[in-house]
Amino acid sequence: MTMAQMKEVRDGFVVAALHAKQAGFDGVEIHGANGYLLDQFLTEYLNQRTDNYGGSPENRVRFAAEICRAVREAVGPDMTVGIRTSQSKVSDNHHRWSGGVKEAEVIFSTLGATGIDFIHTTEYRATEPAFEGSRETLAALAKQYSGVAVIANGMLDDPDTAVSMLAQGSADVISLGKAALANRNWPHLVRDNLGFDELDPSVFAPLANVKDWELKEPA
């Protein structure tokens, strides 16, 4: 990407956030996880740049931090702004930041200093240690080094598991994906100690066939 193209991306995040604010949303979450563009900048083996946006963790997190700061400045202090981060990605489920805890410290402290309100960490299992030889989860590291609220995601469908993240102080909020789709009233079921419905796998079956309307020439 050229610097001009990066500016277009940065401006695009800002415009999208402003549209959300104008539409009445309370907050926005910048997607910097799962192999998408900002995560590609953050990922050592994908980011081959030799300028100020490649190489060290400080450089690789720079673009995401600039976008966080730009969105925060654009929407003002009365709108919640956060960013979602992960180590793994759709193209590499086993990826871990090569610098371990030290790299996590750089990433989370840099993002936390941009003025955002929260960091949303997602792992395959949120309760597992983020790195070999370390006991802290990715959410706990974000909590330790960012200075902002942390949302944890990743196999927290079981209420006791979800509560453990909050009780240990590893996260301030937990988020659900599959469990919420299978049980849209999950909070009610947990509160009243009711059973959960079985997850229907067809909910996640992507329909990747080409639609007729996609082949039509624009008018």
Side-chain angles (χ1 to χ4, degrees), residues 1-23 25-44 46-47 49 51-89 95 97-123 126 130 136-153 169-175:
M1 292 183 73
T2 65
M3 298 300 289
Q5 290 170 331
M6 291 172 65
K7 182 180 184 303
E8 288 183 15
V9 170
R10 195 182 299 110
D11 292 347
F13 275 101
V14 168
V15 170
L18 289 172
H19 285 168
K21 184 175 184 178
Q22 292 162 6
F25 282 87
D26 297 315
V28 292
E29 179 175 277
I30 297 164
H31 202 339
N34 305 120
Y36 289 91
L37 181 61
L38 300 188
D39 182 47
Q40 292 172 27
F41 269 83
L42 200 58
T43 303
E44 188 174 15
L46 293 176
N47 184 344
R49 300 179 72 97
D51 59 6
N52 288 337
Y53 294 92
S56 67
E58 290 85 354
N59 282 354
R60 286 183 277 114
V61 74
R62 190 185 308 277
F63 192 36
E66 288 177 351
I67 289 172
C68 287
R69 191 174 292 109
V71 169
R72 161 53 70 216
E73 291 175 356
V75 301
D78 58 339
M79 187 178 193
T80 301
V81 177
I83 186 169
R84 181 180 172 102
T85 62
S86 71
Q87 298 192 91
S88 64
K89 49 202 93 265
H95 176 68
W97 296 333
S98 61
V101 172
K102 287 294 186 183
E103 186 164 337
E105 180 180 0
V106 171
I107 291 169
F108 291 134
S109 63
T110 301
L111 294 175
T114 62
I116 58 174
D117 300 292
F118 70 88
I119 291 176
H120 184 176
T121 62
T122 177
E123 293 272 78
E136 295 102 334
T137 64
L138 192 65
L141 291 170
K143 186 70 179 170
Q144 180 178 350
Y145 294 119
S146 70
V148 300
V150 171
I151 303 173
N153 172 265
S170 301
D172 301 285
V173 179
I174 63 105
S175 70

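Distance check: I151 CD1 to T85 OG1 gives 10.5 Å after rounding to the nearest 0.5 Å. In this structure, N153 CG and T122 OG1 are separated by 3.5 Å, a value rounded to the nearest 0.5 Å. A distance of 10.0 Å separates OG1 in T137 from CD in Q144, rounded to the nearest 0.5 Å. Atom-to-atom distance recorded for E8:CD and M3:CE is 12.5 Å, nearest 0.5 angstrom. Here the OH atom belonging to Y145 is positioned 4.5 Å from the CD atom belonging to E105, to the nearest 0.5 angstrom. Atom CE of M6 and atom CD1 of I67 lie 8.0 Å apart (nearest 0.5 Å).
Within 6.0 Å of atom CG in D78, more than 12 heavy atoms from other residues, nucleotides or ligands are found, so the atom counts as buried in its surroundings.
When every heavy atom of V81 is checked against every heavy atom of I30, the shortest pair comes out as CG1-CD1, 4.3 Å. For the residue pair A65 and T114, the shortest heavy atom distance occurs at O-CG2, 3.5 Å. Of all the heavy atoms in A104 and L141, the pair that sits closest is CB-CD1, 4.1 Å. Heavy atoms only, all atoms of each residue included: T121 and A142 are closest at CG2-CB, 3.8 Å. When all heavy atoms of S175 and H120 are compared, the closest pair comes out as OG-NE2, 3.0 Å. Nearest heavy-atom pair, G54 versus R60, reported as atom, atom and distance to 0.1 Å: CA-CG, 4.2 Å.
Between E29 and F118 the shortest side-chain heavy-atom distance falls below 4.5 Å. By the 4.5 Å heavy-atom criterion applied to side chains, S170 and K143 are not counted as neighbours. Taking 4.5 Å as the limit, some side-chain heavy atom of L38 sits within range of a side-chain heavy atom of F13. Contact of the F25 side chain with the V75 side chain is not registered, since no non-hydrogen atoms from C-beta on lie closer than 4.5 Å. At a threshold of 4.5 Å between non-hydrogen side-chain atoms, the residues I107 and L42 count as touching. By the 4.5 Å heavy-atom criterion applied to side chains, K89 and T43 are counted as neighbours. Annotation: side chain of R62 is in contact with side chain of N59 (closest heavy-atom distance under 4.5 Å). Side chains of M1 and Q40 form no contact here, defined as non-hydrogen atoms less than 4.5 Å apart.
Partners of R72 by salt bridge (Lys or Arg N to Asp or Glu O under 4.0 Å), not counting sequence neighbours, listed by chain and number: D117. Under the salt bridge (Lys or Arg N to Asp or Glu O under 4.0 Å) criterion, D51 pairs with R49, not counting sequence neighbours.
A donor-acceptor pair under 3.5 Å links the side-chain atoms of D172 to the main chain of V150, judged by distance alone. Using modelled atom types, no side-chain atom of D39 and backbone atom of A33 make a donor-acceptor pair closer than 3.5 Å. With R84 contributing its side chain and I119 its backbone, the two residues share no donor-acceptor pair below 3.5 Å. Side-chain atoms of S86 come within 3.5 Å of backbone N or O of N34 as a donor-acceptor pair.
The aromatic rings of Y53 and F63 sit perpendicular to each other, their planes meeting at more than 60°, with 30° as the lower class boundary.
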